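I have placed the structure first, in the form of structure tokens, so that the comments after it can refer back to it.
Because the structure is predicted, anything quoted here is derived from the model rather than measured. Sequential numbering from 1 along the given sequence is applied to the chain's residues.
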Amino acid sequence: MATIASPSLHFLLFFARVSGLAVILLVLFWALSFNSSFLPSSLSQQDLIYSVLHPLLMVIGFIILSGEAILVHRCLPGSNGFKKLVHLCLQGVALASGIFGIWTKFQGKYGIFANFYSLHSWMGLICISLFGTQWVIGFLNFWHRGEVRKARRRILPWHVFIGLYTYALAIATAETGLLEKLTFIQTKRNVSKHSTESIVVNTLGLALALLSAFIILAAVSPKYQTLQTKVLYSETRSFSS
């Protein structure tokens, strides 16, 4: 039975890339245009750099790259071995960005544990721990050629589920971080709820929500549809009209 590429998957991939680009632009605009809101002026320039690096690394380096890694098996041509290599490398870079992004919160004036008191920080530590464990397990079971094929088949559904869950958790962690930062700048820095910065941060949160929806939907959508299914669908539409 003949198969053709699913048109819905192409649309999902397109909107995922558009949402990802919007997220990147919004994060860069926020960090570069409103960097005075990240830290009080009394702190050093180095502390400001660490504070700005955190959202850049966690959103662009961690969420965007891991989303692209999820889409590798859906859109990248080539053999399965090549796709696994690209997936592994992208997830490795995303993991390194996440670790370095969390490391930036250990720096600064107030010591190591000053920033690890909120729901956002706890979710971030859980997320990066799951991500690191997932990467190691994926490397051992899908890239290492000595693994038994039956073990791979047993682990694959859990690998996919935990990967998508961790990605969704990363989005949720980013959303709580945006809410935490927005609450801080509105109450402590007297930034208006209708200011440009507030609108940028809220728009970034919506873009992240859309991005996660497109990424996850593209990941679970069928890559191909049978020609018979397409013909039946066309006949049904013609009959209904």
| side chain to side chain contact (heavy atoms under 4.5 Å, CB included) partner of L204, chosen from L25, L178, I199 |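 Output: one option passes, namely L178.
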Does [X] belong to the same Ile/Leu/Val/Met/Phe/Trp/Tyr cluster as [Y], with side-chain heavy atoms less than 4.5 Å apart forming each link?
X: V27; Y: I24; result: yes
X: L210; Y: L179; result: no
X: L169; Y: I171; result: no
X: V160; Y: W135; result: yes
X: V18; Y: V200; result: yes

| task | Check for a donor-acceptor pair, side chain of Q134 on one end and backbone N or O of H159 on the other, with a separation under 3.5 Å. | result |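 Pair found, side chain donor or acceptor close to backbone of H159.
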| query | Counting only N and O atoms by type, is there a donor-acceptor contact under 3.5 Å from the side chain of H54 to the main-chain atoms of T104? | reply |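 Checked: no pair found.
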| query | Is there a donor-acceptor contact under 3.5 Å linking the side chains of S118 and E180? | reply |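 On atom types as modelled, these side chains qualify, holding a pair under 3.5 Å.
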| task | Decide whether Q186 and S198 meet the rule of one side-chain donor and one side-chain acceptor closer than 3.5 Å. | result |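 Checked: Q186/S198 side chains pair up, N/O donor to acceptor below 3.5 Å.
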Is [Y] close to [X] at the side-chain level, that is, under 4.5 Å between some pair of heavy atoms?
X: L211; Y: I64; result: yes
X: V72; Y: L76; result: yes
X: I63; Y: Y167; result: yes
X: L28; Y: L56; result: yes
X: K181; Y: V201; result: no
X: S66; Y: I70; result: no
X: L65; Y: Q91; result: no
X: W122; Y: T173; result: no

Once you round to the nearest 0.5 Å, how far does [atom1] of [X] lie from [atom2] of [Y]?
X: M123; Y: I128; atom1: CE; atom2: CD1; result: 13.5 Å
X: L90; Y: L71; atom1: CG; atom2: CG; result: 10.0 Å
X: K193; Y: L182; atom1: NZ; atom2: CG; result: 9.5 Å
X: W103; Y: S97; atom1: CH2; atom2: OG; result: 13.5 Å
X: F14; Y: L9; atom1: CZ; atom2: CG; result: 14.0 Å
X: I162; Y: I137; atom1: CD1; atom2: CD1; result: 6.5 Å

| message | Ring centroids only, cut at 6.0 angstrom: are F62 and F131 within range, meaning strictly under it? | response |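 Aromatic pair counts; centres sit under 6.0 Å.
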| Do you know which two heavy atoms are closest between L208 and A174, and how far apart they sit? |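 Scanning both residues completely, I find the closest heavy atoms to be CD1-CB, 4.0 Å.
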| said: Could you report the tightest heavy-atom contact between C75 and L13, atom names first, then the distance? | reply: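 So the minimum-distance heavy-atom pair works out to CB-CD1, 3.5 Å.
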| message | Can you tell me if W158 has over 12 outside heavy atoms packed within less than 6.0 Å of its CH2? | response |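 No, the 6.0 Å shell around CH2 holds no more than 12 heavy atoms from other groups.
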| query | Mind checking whether F29 and F34 have parallel, tilted or perpendicular rings, split at 30° and 60°? | reply |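 The rings of F29 and F34 stand perpendicular, inter-plane angle above 60°.
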